[in-house]
Each structure stands twice: as structure tokens, then as C-alpha cells.
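Read the structure below first, then the notes.
Residue numbers start at 1 and run along the sequence shown. Because only heavy atoms are used, hydrogens play no part in the values below, and waters and symmetry mates are left out as well, while side chains stay in.
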Amino acid sequence: MKETGNGMLSVYNRVNFGVGAAADHQMFVYRVFRDILLGAGRASLSLKHFEVILRNCTLSDRAFIIPDYLEHTISPVLANLRTIFLDLNSDDPHIHVEKDKSMTPCPSYFLMKFLSRTVRLEHLRLNFRSYGDTEAILSWLSRSPPDLSNLAAATSPWAEPSPVELKNLKQIDIGMITVEPKVILALIRKHQTALRVISLHKVSFVHKAGVPADERINLWAKFFKDLSRLDLKLDCINMSFLRQEQPYRQHIRHVSFKETTDKHTKRWAGTDTQSGLRDFEALVSIENLDKDSEVASSDGSEDHSEGKCGFHGLSTPC
């Protein structure tokens, strides 16, 4: 604001100036995002930590477009990053890619290309504040780059960007998504060698298909059990304001942890990862899981302060 006279997007802008003004501010945010990276490249700065914490707006895929004429300046900055925090949305328009012999939308196309350059990343935080298909980007992050036998298909001009190998990734923070447990599990499994911290905030696990009330299981308990079977060597696990639901946002249930001061959050720090995960499995609870009546979000879990246990502000360290 001091340098440009143009403030970041806010609720005030959106309400008082209409959709057009909000869109202008959104584009301004995208420009600031790219220009910080461009400025760091032109100044040859050793930028290691880039934290985008917007609160009142998000970055769509357009924010991650790097024109060819800027690539030689910005790519070295991305290659040097150790930490990146992003608040994301999946607004139109979407790039289309070839998949299963047809063209399908890829709402994270430029984000994938962007992250494929962050090869030295140690801490990745993704908040999906308004995102239609989180499974696509997380599944992409959980896959390994193609081997030589599949290289031709992967380098097709209509292909999805090749997955990135983040060999140094020590911490993963995922927030504000609805996803199948297997997607998060695959992401953790891929990076288990270097991974030391896992944080999930406002994550809702969903069954792939509707399950009758009397056949539903606690997906979070199963998730922690599956994690305990991996050879993880974690230092810290953070869980906050979790949920479980049926497809199409049906039968949403809030997750709680028994024997904890704040039943909606649980943290563990230590050296015996498997023991810690067994504690999570034993303590995680979901009320009314076997009932079809809707449970209203009357506990205000969607409105909890983000600074205390969420991913904005300073997260409480382990």
C-alpha cells in the first residue's frame, strides 16, 4: 500500500466495490506474488523462505504462470527455495490436458509446473481455501517422475506436467480440503524417508462412495493405523479441526480426541513414531457416525482462530 497505493484484496473491497474491483485486486495480488520472485531473481538474492499468507484472498492457477522470457530469472529462485506456503483456489479458466485419450481440465497445471522447479524444498504448506479438485494436485505430488519407458508420453505437449521429486521434504502441512484418506497416505509414503513433521488442519476424509450408516468406519482411526505401518521417523504430528463425511458433503461429522484439553486438536512430539500413531488411533473419535441425521456445524469449528492451531500466523512448534 505504501509503495503502490493499492491494497491487497479484502472483504471491504469485495463488498463495497463489486466483483470487478475484487477481480482487479485479485490480479494485483498475482502480480505482487510474481514480482517478489522476479525481484529476488534480478537481485540474485538467496531466497529460502517464501510464505504467502493472504487470509482474505487466494492464488488461482493463473498466479503461477511464468512466461518464457522470465523463466531464466525466476527458475533459479524457485530451485533455491526451502520453504513455501500457499493459499490456493481453483478458479477458471483451466488448462486442459490429455488423460485416458480425452482432454480433461487440469486446475493445477501451472501450480504443478511451478512446484516442479522447487526441487530443494524442505517445508511445503498448501491451504486449499476454495478448491474444487484437491485430489489431482495431491495425487500428482505423491507420484514419482516417469521412468525412461514412459518419458515420451510424459513429454507430450498435451500431457500433465511430470511429477517432482522432493527428496529433502521434511515437513508437509495440508489444510482445508475434503479428500480420500489414501491420497494423503500416498503423499506421506512417497516422502517418508526425509519426512519429520506432518500437519493436517481442517481436513475432511470422505468415502469414495456412499456407505450405509451401519457399515461406516472411523476413517481417521484407520488412517493412523495405516501410517503406523510405514517406516516413519517423525519428530512431530499436528492434527486440528478434522472431519469425516459422506460424498457430496453428506453426513458431516466432526472429529475429536479423547483425553485431550482441546478435543478438536492433538499434537505429538517424540522419537517413537509408531507409539504416537497408536495413541492417535486409540483416542480419535467421531460421534454419530452410524446415524444419517445431519449434524450441524454448531460448534464453530469452521470459525476457529487460525493463529492458534492453524496454518496462519506462527504455528505452535513441536
* Test log, rule side-chain contact (heavy atoms from CB on, under 4.5 Å), inputs S142 and R189 -> CA-CA 8 Å; S142 70; R189 183 186 293 113; over 6 Å; no

* To do: Could you walk me through whether L200 and I184 pass the side-chain contact (heavy atoms from CB on, under 4.5 Å) test, one step at a time?
  => CA-CA 10 Å; L200 302 181; I184 301 291; 4.3 Å; yes

* To do: With side-chain contact (heavy atoms from CB on, under 4.5 Å) as the test, would you mind laying out the steps for L124 and D173 before giving the verdict?
  => CA-CA 6 Å; L124 175 63; D173 304 338; over 6 Å; no

* Run the side-chain contact (heavy atoms from CB on, under 4.5 Å) check on T193 and K233 step by step: do they pass? -> CA-CA 8 Å; T193 301; K233 295 178 176 61; over 6 Å; no

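With hydrogens and angles disregarded, no donor-acceptor distance shorter than 3.5 Å links the side chain of R129 to the backbone of N127. Remark: side-chain polar atoms of N218 are paired, donor with acceptor, to backbone N or O of A221 under 3.5 angstrom. Between the side chain of S75 and the main chain of H72, no donor-acceptor pair closer than 3.5 Å is present. With hydrogens and angles disregarded, no donor-acceptor distance shorter than 3.5 Å links the side chain of H94 to the backbone of P105.
Side-chain contact check for I188 versus L232: some heavy-atom pair is nearer than 4.5 Å. Taking the side chain as every heavy atom from C-beta outward, R253 and N288 approach each other to under 4.5 Å. Residues R196 and Q171 form no side-chain contact, since every pair of their non-hydrogen atoms from C-beta on lies 4.5 Å or further apart. By the 4.5 Å heavy-atom criterion applied to side chains, E122 and L169 are not counted as neighbours. Under the 4.5 Å side-chain criterion, counting only non-hydrogen atoms from C-beta, V164 is in contact with W140. Side-chain atoms of N80 and S46, non-hydrogen and from C-beta on, do get closer than 4.5 Å to each other. The side-chain heavy atoms of R125 and L86, taken from C-beta on, include no pair separated by under 4.5 Å. Counting heavy atoms from C-beta outward, Q274 and D272 have side chains that approach closer than 4.5 Å.
The two residues K222 and I217 make their nearest non-hydrogen contact at CD-CD1, 3.9 Å. Between Q244 and V255 the shortest heavy-atom distance is N-CG2, 4.3 Å. For the pair V203 and I174, the tightest heavy-atom approach, listed with the atom from each and the gap, is CG2-O, 3.6 Å. V197 and L234 get closest at one heavy-atom pair: N-CD2, 4.1 Å. In this structure, W268 and T271 approach most closely via the heavy-atom pair CZ2-N, 3.9 Å. The two atoms that bring R82 and R120 nearest to each other are NH2-NH2, 2.8 Å, heavy atoms only.
Side-chain contact annotation: N238 with H201, donor-acceptor N/O pair under 3.5 Å absent. Side-chain polar atoms of S204 and E245 form a donor-acceptor pair below 3.5 angstrom. For the residue pair D61 / S108, no side-chain donor-acceptor distance below 3.5 Å is found, with atom types taken as modelled.
Under a 4.0 Å N-O distance rule, the pair R143/E160 qualifies as a salt bridge. Salt bridge R117/E71: present, at least one basic N to carboxylate O contact under 4.0 Å. Using a cutoff of 4.0 Å between basic side-chain nitrogens and carboxylate oxygens, R216 and D214 are not scored as salt-bridged.
For F110 and F64, the ring centers are positioned 6.0 Å apart or more. H123 and F85 have their aromatic ring centers within a separation under 6.0 angstrom.
Note that the CD atom of E165 and the CG atom of L121 stand 13.0 Å from one another [nearest 0.5 Å]. Residue H251 holds its NE2 atom at 10.5 Å from CG of L289, rounded to the nearest 0.5 Å. Rounding to the nearest 0.5 Å places CG of D279 at 11.5 Å from NZ of K258. Of the inter-residue distances, the one linking R229 atom CZ with L185 atom CG reads 10.0 Å to the nearest 0.5 angstrom. For the atom pair S90 OG and F128 CZ, the distance stands at 9.5 Å (nearest 0.5 Å). Between the CD1 atom in I252 and the CD atom in Q246 there is a gap of 10.5 Å [rounded to 0.5 Å].
Summarising the local packing, NZ of K225 is surrounded by 12 or fewer heavy atoms from other residues, nucleotides or ligands at distances under 6.0 Å. Within 6.0 Å of atom CZ in R62, more than 12 heavy atoms from other residues, nucleotides or ligands are found, so the atom counts as buried in its surroundings.
Hydrophobic clustering (ILVMFWY, side-chain heavy atoms < 4.5 Å, transitive): L81 and V32 are in one cluster. Note: the hydrophobic cluster containing L37 also contains Y69 (ILVMFWY, side chain heavy atoms under 4.5 Å, direct or indirect links). Taking hydrophobic clusters as Ile, Leu, Val, Met, Phe, Trp and Tyr residues chained together by side-chain heavy-atom distances below 4.5 Å, L45 does not share a cluster with V77. V183 and V206 fall into different hydrophobic clusters, where Ile, Leu, Val, Met, Phe, Trp and Tyr residues are linked whenever their side-chain heavy atoms come under 4.5 Å apart, directly or through other members. By the rule that hydrophobic residues join a cluster once side-chain heavy atoms approach within less than 4.5 Å of another member, M27 and L54 end up as members of one cluster.
For the ring pair (Phe, Tyr, Trp, His ring centres under 6.0 Å) condition, the pairs that include at least one residue of residues 36-59, sequence neighbours left out, are F33-F50.
Classification of the F224-F257 ring pair by plane angle, with boundaries at 30° and 60°, yields tilted.
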